[in-house]
Amino acid sequence: MFGERVTAHRVQARPARLPGDLAGFTGRTAQLRQLDGLVDRAVVVIAGAAGVGKTALAVHWAHRVAARFPDGQLYLNLRGSGPVDPVRPPVDPGEALGGLLDALGVPARPLPAGLAARSALFGDLLAGRRLLTVLDNARDADHVRPLLSAAPGSLAVVTSRAPLAGVTAAGPVPVGLLSTMEAYDLLAGRLGGDRVAAEPAAVAEITDRSAGLPLALALVAARAAANPARTLAGLATELAGAAGRLTPLSTSDSAVDVRAVFSWSYRALSDGAGRLFRLLGAHPDPDVSAATAADLLGLHSGHSGAALAELVATNLVTEQLPGRYASHELLREYAAELARAEPPGDRPD
């Protein structure tokens with residue numbers, strides 16, 4: 001009986017639930033080209049550090065290819081990388097499946113209670129259909145795996161701060177900082193080409209102080225857009241004169257406050273990885289070797305490798321050169337702030 005009711009609904013429900021595309025989306029040419037080459041896969045993972053614009057890229061590309069999925073498009077924020085919030089914790093996979101099934105027209109009662117049964121039903125509904133699903137902010141592979149289907153023709157786009165090894169054989173599409181030209185284009189798209197072109201030195205200072213991080217650039221652009229009479233040179237001077245690079249990037253909205261967004265990744269670390277992150281922020285060299293990381297922790301390389309690997313897996317540290325590990329400038333500033341806040345006995349010598 002239930003199967004018959006589901007069959008009746010499956011030919012009617014064609015959801016169109018993608019968030020709106022970001023106006024003036026710019027850059028990410030290489031990533032968009034890579035994603036275009038993966039459109040026939042069952043699963044695509046977009047991975048990168050906090051604030052680099054994974055969601056914006058996923059939603060933009062989903063709109064770009066939506067016509068190839070005539071049976072509908074779904075979006076679900078799994079909240080796997082958000083603040084530690086007992087009121088709004090990460091979405092449980094079973095709850096997530098309930099929401100996806102509801103969007104496909106499955107009646108709430110009698111919805112299967114078990115995770116495995118819901119996952120199987122979701123897979124059955126996708127069979128023979130071309131459906132696009134964006135699963136945003138997955139915590140790890142276990143968080144998202146029950147929501148994935150092997151049914152040919154449909155596609156799941158997953159974003160995460162972790163690479164989600166094993167979720168797709170193609171590996172993740174990495175998203176990093178914007179290039180200088182991409183940062184310029186972002187500002188021009190938000191503020192207008194004439195305004196940006198009129199003050200090239202100020203724009204260069206703003207992009208440098210923002211370290212190519214889309215979240216930081218968007219915050220600065222919003223501040224400039226709110227006061228069109230103010231010169232960009234004045235804004236650049238404010239950024240350069242602030243006590244710390246992160247201070248002018250603060251806002252009352254924790255969803256876009258740079259410190260807060262970084263903190264969600266930091267607070268999820270193990271004690272050892274968190275300590276190493278702080279020590280790296282206090283270290284005078286901008287990049288270190290695995291041996292140096294071990295020295296900072298007072299351990300042999302073999303024992304410190306897990307902490308370093310955890311930082312790499314969460315994109316708080318990247319291997320920017322072979323055997324050399326570093327964070328971008330704003331993350332490094334955040335780590336240094338954490339190190340300075342440590343009790344004297346816990347600070348590096």
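When a residue number appears, it is its place in the shown sequence, counting from 1. Values reported hereafter were calculated over all heavy atoms of this structure, with side chains retained and with hydrogens, waters and symmetry mates removed.
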Treating [X] as the side-chain partner and [Y] as the backbone partner, does any N or O pair qualify as donor plus acceptor under 3.5 Å?
X	Y	answer
T314	S265	no
H143	R139	yes
D285	V288	no
K54	T159	no
S119	L115	no
S154	A151	no
R223	P248	yes
R278	A335	no
E205	A236	no

Take atom [atom1] in [X]; do more than 12 heavy atoms of anything else shown fall under 6.0 Å from it?
X	atom1	answer
R41	CZ	no
D194	CG	no
N227	CG	yes

Exercise. Could you tell me whether D36 and R33 make a salt bridge, using a distance below 4.0 angstrom between a side-chain N and a carboxylate O?
Key: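 R33 and D36: not salt-bridged.
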Quiz item: Can a salt bridge be assigned to the pair E329 and R245 using a cut-off of 4.0 Å between side-chain N and carboxylate O?
Solution: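 Yes, this pair counts.
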Indicate yes or no: at least one non-hydrogen side-chain atom of [X] is less than 4.5 angstrom from one of [Y].
X	Y	answer
L331	H328	yes
Q73	L131	no
R259	S254	no
I206	L239	yes
E310	L269	yes
V134	L18	yes
L126	D71	no
N137	R79	no

Exercise. Output, in order, the C-alpha distance, side-chain angles, deciding distance and verdict of side chain to side chain contact (heavy atoms under 4.5 Å, CB included) for T168 and L148.
Key: CA-CA 10 Å; T168 173; L148 305 177; over 6 Å; no
Self-check item: Evaluation steps, side-chain hydrogen bond (donor to acceptor under 3.5 Å, both in side chains), between R332 and S327
Solution: CA-CA 6 Å; R332 183 172 168 78; S327 301; over 6 Å; no
Nearest 0.5 Å, what's the [atom1]-[atom2] distance between [X] and [Y]?
X	Y	atom1	atom2	value
R145	D140	CZ	CG	8.5 Å
W264	R161	CH2	CZ	6.5 Å
L155	S149	CG	OG	11.0 Å
T207	L178	OG1	CG	10.5 Å
L191	E199	CG	CD	10.0 Å
Q320	R324	CD	CZ	11.0 Å

Taking all non-hydrogen atoms of both residues, which atom of [X] and which atom of [Y] are closest, and how far apart?
X	Y	result
L297	G272	CD2-O, 4.2 Å
R28	P214	NH2-CG, 3.6 Å
A165	A141	O-CB, 4.4 Å
N77	V91	O-CG2, 3.5 Å
A336	G281	CB-O, 3.5 Å
H283	L296	CD2-CD2, 3.7 Å

Can you tell me if [X] and [Y] form a side-chain donor-acceptor pair at under 3.5 Å?
X	Y	value
T292	S289	yes
E182	T26	no
D136	Y75	yes
D257	T251	no

Practice problem: Sort out for me which residue in V52, V220, V256 forms a side chain to side chain contact (heavy atoms under 4.5 Å, CB included) with L215. | Solution: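 Going through V52, V220, V256 one by one, the side chain to side chain contact (heavy atoms under 4.5 Å, CB included) with L215 is satisfied by V256 alone.
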Practice problem: For side chain to side chain contact (heavy atoms under 4.5 Å, CB included), just list the numbers for D287 and Y325, CA-CA rounded to whole Å, side-chain angles, deciding distance to a tenth of an Å, and then say yes or no. | Solution: CA-CA 5 Å; D287 60 274; Y325 300 86; over 6 Å; no
Result block: side-chain N/O donor-acceptor pairs under 3.5 angstrom for residues 93-104, not counting sequence neighbours:
none

Quiz prompt | For H63, all residues meeting ring pair (Phe, Tyr, Trp, His ring centres under 6.0 Å), sequence neighbours excluded | solution =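 Not a single residue meets the ring pair (Phe, Tyr, Trp, His ring centres under 6.0 Å) criterion with H63.
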Quiz item: Stepwise, does the side chain to side chain contact (heavy atoms under 4.5 Å, CB included) test hold for V43 with L38?
Solution: CA-CA 8 Å; V43 183; L38 298 172; over 6 Å; no
Exercise. Could you walk me through whether L217 and L219 pass the side chain to side chain contact (heavy atoms under 4.5 Å, CB included) test, one step at a time?
Key: CA-CA 5 Å; L217 285 161; L219 281 171; over 6 Å; no
Quiz prompt | Geometric class of the F277/Y266 ring pair [parallel <30°, tilted 30-60°, perpendicular >60°] | solution =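 Because their plane-to-plane angle lies in the 30° to 60° range, the rings of Y266 and F277 count as tilted.
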Practice problem: Quick one: list whatever passes salt bridge (Lys or Arg N to Asp or Glu O under 4.0 Å) with D40, sequence neighbours left out. | Solution: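 D40 satisfies salt bridge (Lys or Arg N to Asp or Glu O under 4.0 Å) with R68 once adjacent residues are dropped.
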